[in-house]
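Take a look at the structure below.
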Amino acid sequence: QKMAKSTGNVVNPFFALDRFGVDTMRYYLAHDGGITDDADYENKFIIERYKKGLQGGLGNLTSRIMRGKGWDVRKAVERFAPILNPSGEEVAAGAEQEPMLAVGRLDDPLDKEAHKFHARLQQLPPQVETHFDNLMPNLALKQIMLTIYAANAYLQATSPWTLVSWLKDDQLDPPPNTKEQIDRIVFLCAETLRICGILLQPYMPDKTKLLLDMLGVDEGRRTWADARVGADATFGVPMVGLGSGPKGVLFPVLSSDT
């Protein structure tokens, strides 16, 4: 049933803003609303989007990478960002870039996963740009979130925490490039957060500012031109406290599921 003042079938937007926050509502309306079609509205739909996309997707990836034990995001960025963009010259977003120069066995399954995901991440900015040019911000947002979900899947599949445990086990003899594999995984996930954080700024300005602060992205490096793989070799040291447990997370647990 369509909303209408005459029938009283309406919602109070201020109640929703107080409960979910401005950025969450912006995200939901952009994701499900679109421009050309009507959309359904109910609290449970907002909660579903929050739990899957924001808390379980973007927030989960941020916590797993920035709070992870056994690796250093800054060192991973220092290792791989200069390799991905060795010239240091400005390159238009979406332009063909240097392939990932992964050191190690090219037949290593972890390296294959890295190359595959790296290629996907490179394609994201031009895909988003095309959707914006076509006045489809909802499709642009969905494309960004698909990349976030793919990054979480990549992180789970490559399991850097397992590699860390290998290095700590005196009874094991891990491959000599294990530390590099860990840094490669961490860099690609951190780079996903950085690029998606920049691209999500029109949708969630407050939350993306916090995200980019957590990543340590300089405020002068948050433009469209910076939304490409390897464009920023300076991030990786948080500008804000990351906290522990539920404290300081990007998207906290909702107080109610109804």
inquiry  = Consider side-chain contact (heavy atoms from CB on, under 4.5 Å). Of I198, L212, L215, V73, which one does L193 pass it with?
reply    = L215
side-chain contact (heavy atoms from CB on, under 4.5 Å) assessment of K207 paired with Y27 = CA-CA 11 Å; K207 285 295 186 179; Y27 171 84; over 6 Å; no
message = Is the ring pair F251/Y50 parallel, tilted or perpendicular, if the boundaries are 30 and 60 degrees?
response = perpendicular
query = Among side-chain atoms of Q127 and R120, is any donor-acceptor pair under 3.5 angstrom?
reply = no
key: Within 6.0 Å of CG in D173, more than 12 heavy atoms from elsewhere   = no
Any side-chain heavy-atom pair from [X] and [Y] closer than 4.5 angstrom?
X    : Y    : value
F20  : I47  : yes
R64  : C189 : no
V77  : F235 : yes
E191 : L121 : yes
P174 : L163 : no
R222 : Q201 : yes
R194 : D226 : yes
R184 : T158 : no

message = Could you tell me if K75 sits above the aromatic ring of F187, with its cationic atom closer than 6.0 Å to the ring centre and no more than 45 degrees from the axis?
response = no
task = Kindly give the heavy-atom pair with the smallest separation between V229 and I195, and that separation in Å.
result = N-CD1, 3.7 Å
note = All heavy atoms of G56 vs all of N152, minimum pair found to be O-ND2, 3.9 Å
Hydrophobic cluster membership, W71 vs V237, 4.5 Å side-chain cutoff = no
ask   = Can a salt bridge be assigned to the pair R79 and D183 using a cut-off of 4.0 Å between side-chain N and carboxylate O?
value = yes
query = Less than 4.0 Å between a side-chain N and a carboxylate O, is that true for E48 and K44?
reply = no
query = Going from CD1 on I185 to CZ on F117, what distance comes out if it is rounded to the nearest 0.5 angstrom?
reply = 11.5 Å
